[in-house]
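Note that these values count all heavy atoms, side chains included, but never hydrogens, waters or copies made by symmetry. Just so you know, residue 1 is the first one in the sequence shown, and it goes up from there.
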Amino acid sequence: MILDTEMLRSFYASYSESVDKAKETIKRPLTYAEKVLFAHMYENSDLKPFKRGVDYVNFRPDRVAMQDATAQMALLQFMNAGKDKVAVPASVHCDHLIRADIGVEKDLPSATATNKEVYDFLKSVSKKYHIGFWGPGAGIIHQVVLENYAFPGGMMVGTDSHTPNAGGLGMVAVGVGGADAVDVLTAQPWELKMPKLIGVRLHGKLSGWASPKDVILKILGILTVKGGTNSILEYFGDGLESISTTGKATICNMGAELGATCSIFPYDNNADEYLRNTGREEVAIFAKNNIKNLRADDEVYATPEKYYDLIVDINLNEVEPHLNGPFTPDAATPISQMKVKGPANDYPMDVEVALIGSCTNSSYQDLARAASVARQAYKQNIPVKAQLIINPGSEQIRCTAERDGILDDLKKIGAVIMTNACGPCIGQWKRHTNDNNRKNAIVTSFNRNFRRRADGNPNTYAFIAGPELTTAIAISGRLDFNPATDMVCDKDGNYVKLDEPTGYTFPPKGFTVEDNGFIAPSESNSDIEIIISEQSDRLQKLEPFAEWSGKDYKDMPLLIKTKGKCTTDHISMAGPWLKFRGHLQNISDNLLMGAVNAFNDESNCVKDQLDGEYKEVSSAAKDYKQNNIDSIVIAEDNYGEGSSREHAAMEPRFLNVKVILAKSFARIHETNLKKQGMLALTFVNKDDYDKVQEDDRISISGLTGFAPGKHLTVILKHNDGLTDEIEVEHTYNDTQIAWFKAGSALNYARLNK
């Protein structure tokens, strides 16, 4: 179906003209990403040749998407903005709070009852402020957006880090925190550092067991989880023709694991076919009329090295199935190498559970190809060794897959069909196991595999693969099973080789759905009163953070010095904590509970300098706060990698942490810290991290002269009476400094109405 028709008509009526004006101003050919960016300038008069990776630019996105866990905090902030309705089309998707336990038949009613207060809140806020609402069971946000909202040439922000999924249909789609979303919802400029451009040239054609998932798994091995920071990955080359739109969305989705701002594919026949098959013929016509500007200029394709900051070449003919992991998505291993690498690294080689779905691989084509593998096991009496769990991407996909027998093919080998929701991918998995600390291996078609993420077990070795390989590994039960070369044993003792996967890109009979779970925006609900009980432990009205005192921070105790990887999962865990995403006080109890303390190698165990006792991080922070004492966190590289969750910035802010000093930051998290009035600083000399001692009192000097590009000084007062002074830097511009001084970006916006 076509939603927001008038916005789409208006957009396409002026898009090519905006691009042509940008080319006149910039005076050179443009890449596709540049065309979309320049067509969405907040003020056209601001257009100039921006310096990539340096200049901050104000944009005007076309729409906002929010999943239920992050929508709570985003909408609580929006309610404080004093607006009657959202300024751009927006949607809320109830996909994160549904726990995967027994199966959809029991899990969905249980989640609906358990989360009733939150769902009622989100539904009422959506009705009041003219927001589209997708109820529990409707599907996973990014799959639903791809099916209904994504459009070539558009720009959107979403309160989830995998919002770039829509890049598979040609959008600049960026994951943000709730405060950024509120900027867009209130028609304020949305600020983004002008991204660098990484051109990814695909040539050849995938074959055999290789899938689009393996393309991005291979790229992760090349660029690592930091390699795309502050960059857009723009794909081009003859290899694009053989990859479906949902396959391209998979690639863009996992670009988030590179730290990329987003990823984008140009408009092509696959995109046209996808729009038409999802009931959006009119959008396809709009796009075809603008087709020359829904791709890079010919000069860019002729000499890409002149227009991109980096070129990555991938020969699709040579891509083989990958297993990435454990514990980080950039630990890339071609399946042919696992027989050696697995035992050498003491991986548990028996696979206990295989999981297919998440926003990354839950399309009709994904399920169809997985089912083609499952069908072989059933027909040839091959026993399945691992438990198989399936999460369809949307009710439309589930309903169509059920009609076409795809779900039956999976059920016949023992698969459990879970709700159309994130489930295990976001830690919402009630795993049935006799020991939740036992070393074990699982394989998923998800996007992240951080320690503890799926099931809370620190000893679960999670590996990421395409849905086809995940199904084959479920059948074999082995981490080192290569379906291209290895055989499996049937019930009679015969060794059988699995055929290569197959599957329709689109259902031959078309998509079908009885009830997609959507409530459209309405103009008639502005008088709805949003009630939040003061006794609620799920929802809490937000109180503005205090503005900066105007003085340097003095003698702050060290809350924690984190060691190694510290993602937003470590800072603000998901799983059972998701239920508190609308209650800042309650969710702050999980602050940094997954982070490793550099002084004792333990998690959630830090020294409280007021009483000398070791306690949970949140407990120490509360002690400092109750005594009106500010504190500081010290961290290593890529602090805040992973999800867009702004709770990882709001929780320390709520508990009086004033500064995060790291070796480097992930993009979304650094922005979230700035939005909440935090001070995000980085070491000029990364080795200075080693100078920080457990009992240090730490001061920040130079804040009274806080200015763009001007370094600050950190003074470490050690317990032995000695001090160290170290130089630190920041990336704040004038506007962001104003946020800091006002106490938050929302405070600043309220004061400058």
What do the steps show when you test Arg448 against Thr567 for side-chain hydrogen bond (donor to acceptor under 3.5 Å, both in side chains), and what is the final call? CA-CA 11 Å; Arg448 292 194 174 132; Thr567 71; over 6 Å; no
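- Across Lys565 and Phe327, no two heavy atoms sit closer than the pair CE-O, 4.1 Å.
- Between Asp569 and Arg451, no side-chain nitrogen of the basic residue sits less than 4.0 Å from a carboxylate oxygen of the acidic one, so the salt-bridge criterion is not met.
- Of the N and O atoms on the side chains of Asn436 and Thr433, not one donor lies less than 3.5 Å from an acceptor on the other residue.
- Annotation for Ala71 and Met66: closest pair CB-CB, 3.7 Å, computed over non-hydrogen atoms.
- Phe446 has its side chain out of reach of Thr470: every pair of non-hydrogen atoms, C-beta onward, lies at least 4.5 Å apart.
- No more than 12 heavy atoms of other residues, nucleotides or ligands lie within 6.0 Å of OH in Tyr378, so this atom counts as exposed by the packing criterion.
- Side-chain contact between Ile587 and Arg581: present, with at least one pair of heavy atoms (C-beta onward) separated by less than 4.5 Å.
- Applying the side-chain hydrogen bond (donor to acceptor under 3.5 Å, both in side chains) rule to Thr229 yields no partners; only residues at least two apart in sequence or on another chain are considered.
- Counting heavy atoms from C-beta outward, Ser126 and Ile519 have side chains that stay 4.5 Å or more apart.
- Side-chain atoms of Tyr504 and Asp404 include no donor-acceptor pair closer than 3.5 Å.
- Partners of Thr671 by side-chain hydrogen bond (donor to acceptor under 3.5 Å, both in side chains), not counting sequence neighbours: none found.
- Taking the ring pair (Phe, Tyr, Trp, His ring centres under 6.0 Å) definition, one finds that Tyr347 meets it with Phe463, sequence neighbours left out.
- The closest side-chain donor-acceptor pair between Arg453 and Thr444, if any, does not fall under 3.5 angstrom.
- Considering Gln396, Gln143, Glu395 in turn, Glu395 is the only one that fulfils the side-chain hydrogen bond (donor to acceptor under 3.5 Å, both in side chains) rule with Asn420.
- Side-chain atoms of Asp537 and Asn586 include no donor-acceptor pair closer than 3.5 Å.
- Listed by first and then second residue, the salt bridge (Lys or Arg N to Asp or Glu O under 4.0 Å) pairs involving residues 348-361 are Asp350-Arg478, Glu352-Arg431, Glu352-Arg438 (not counting sequence neighbours).
- Once rounded to the nearest 0.5 Å, the distance linking CD of Glu117 with CG of Leu539 reads 4.5 Å.
- Between Arg398 and Leu407 the shortest heavy-atom distance is O-CD1, 3.8 Å.
- In this structure Phe518 satisfies the ring pair (Phe, Tyr, Trp, His ring centres under 6.0 Å) test together with Trp134, sequence neighbours excluded.
- Taking both residues in full, the closest heavy atoms of Gly640 and Thr568 are given as O-CG2, 3.5 Å, listed atom of the first, atom of the second, then distance.
- Take Asp486 and apply the salt bridge (charged side-chain N to carboxylate O under 4.0 Å, His left out) test, not counting sequence neighbours, and it matches Lys339.
- For the atom pair Leu469 CG and Ser211 OG, the distance stands at 8.0 Å (nearest 0.5 Å).
- Remark: Phe481 engages no residue in a ring pair (Phe, Tyr, Trp, His ring centres under 6.0 Å) (not counting sequence neighbours).
- In this structure, CG on Asn115 lies 10.5 Å from CG on Asp120, to the nearest 0.5 angstrom.
- In this structure, Leu206 CG and Ile243 CD1 are separated by 5.5 Å, a value rounded to the nearest 0.5 Å.
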Before giving the answer on side-chain contact (heavy atoms from CB on, under 4.5 Å), spell out for Met73 and Arg645 the whole-Å C-alpha distance, their side-chain angles and the decisive distance to 0.1 Å. CA-CA 10 Å; Met73 197 58 70; Arg645 64 191 69 155; over 6 Å; no
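- Counting non-hydrogen atoms of neighbouring residues, nucleotides and ligands closer than 6.0 angstrom, the NZ atom of Lys439 exceeds 12 such neighbours.
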Ignoring hydrogens and angles, write down the donor-acceptor pairs under 3.5 Å from the side chains of residues 384-392, residues two or more places apart or on other chains.
unit_1 : atom_1 : unit_2 : atom_2 : d
Asn391 : ND2    : Thr419 : O      : 3.0
Asn391 : ND2    : Ala421 : O      : 3.0

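- Ring planes of Phe506 and Phe511: perpendicular class, angle over 60° (limits at 30 and 60°).
- Of the listed residues (Cys359, Ser358, Cys425, Cys252), just one forms a side chain to side chain contact (heavy atoms under 4.5 Å, CB included) with His162, and that residue is Cys359.
- No donor-acceptor contact under 3.5 angstrom links the side chains of Asn672 and His647, judged on distance only.
- Counting only heavy atoms from C-beta outward, the side chains of Arg538 and Gln72 never approach each other to under 4.5 Å.
- Heavy-atom neighbours of Lys579 NZ from other residues, nucleotides or ligands within 6.0 Å: at or below the threshold of 12.
- Ala74 and Gly178 make their closest contact through CB-CA, 3.8 Å (heavy atoms, listed as atom of the first residue, atom of the second, distance).
- Under the salt bridge (charged side-chain N to carboxylate O under 4.0 Å, His left out) criterion, Lys412 pairs with no residue, sequence neighbours left out.
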side-chain contact (heavy atoms from CB on, under 4.5 Å) between Trp209 and Asp214, intermediate numbers included: CA-CA 9 Å; Trp209 285 83; Asp214 298 304; over 6 Å; no
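- In this structure, the side chain of Asn449 does not engage the main chain of Tyr461 through any donor-acceptor pair within 3.5 Å.
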Chi angles and distances behind the side-chain contact (heavy atoms from CB on, under 4.5 Å) call for Thr246, Asp366: CA-CA 9 Å; Thr246 53; Asp366 290 326; 5.5 Å; no
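- Partners of Glu602 according to the salt bridge (charged side-chain N to carboxylate O under 4.0 Å, His left out) rule, which considers only residues two or more places apart in sequence or in another chain, do not exist here.
- Residues forming a salt bridge (charged side-chain N to carboxylate O under 4.0 Å, His left out) with Lys411 (at least two apart in sequence, or on another chain): none.
- For the pair Trp429 and Ile442, the minimum side-chain heavy-atom distance is below 4.5 Å.
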Begin from the C-alpha positions of Asp101 and Lys106 and carry the test salt bridge (charged side-chain N to carboxylate O under 4.0 Å, His left out) through to its verdict. CA-CA 8 Å; Asp101 181 6; Lys106 293 189 176 180; over 6 Å; no
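- In this structure the side chain of Pro483 never reaches within 4.5 angstrom of the side chain of Glu468, judged on heavy atoms.
- Rounding to the nearest 0.5 Å places OG1 of Thr562 at 8.0 Å from CD1 of Ile571.
- The two residues Gly103 and Val416 have their closest heavy-atom pair at CA-CG1, 4.1 Å.
- Checking Thr460 against Asn440 by side-chain atom types alone, a donor-acceptor pair falls below 3.5 Å.
- Crowding of Lys430 atom NZ: a count of heavy atoms from other residues, nucleotides or ligands under 6.0 Å not exceeding 12.
- Interatomic distance, Asn447 CG to Asn324 CG, rounded to the nearest 0.5 Å: 12.0 Å.
- Partners of His142 according to the ring pair (Phe, Tyr, Trp, His ring centres under 6.0 Å) rule, which considers only residues two or more places apart in sequence or in another chain, do not exist here.
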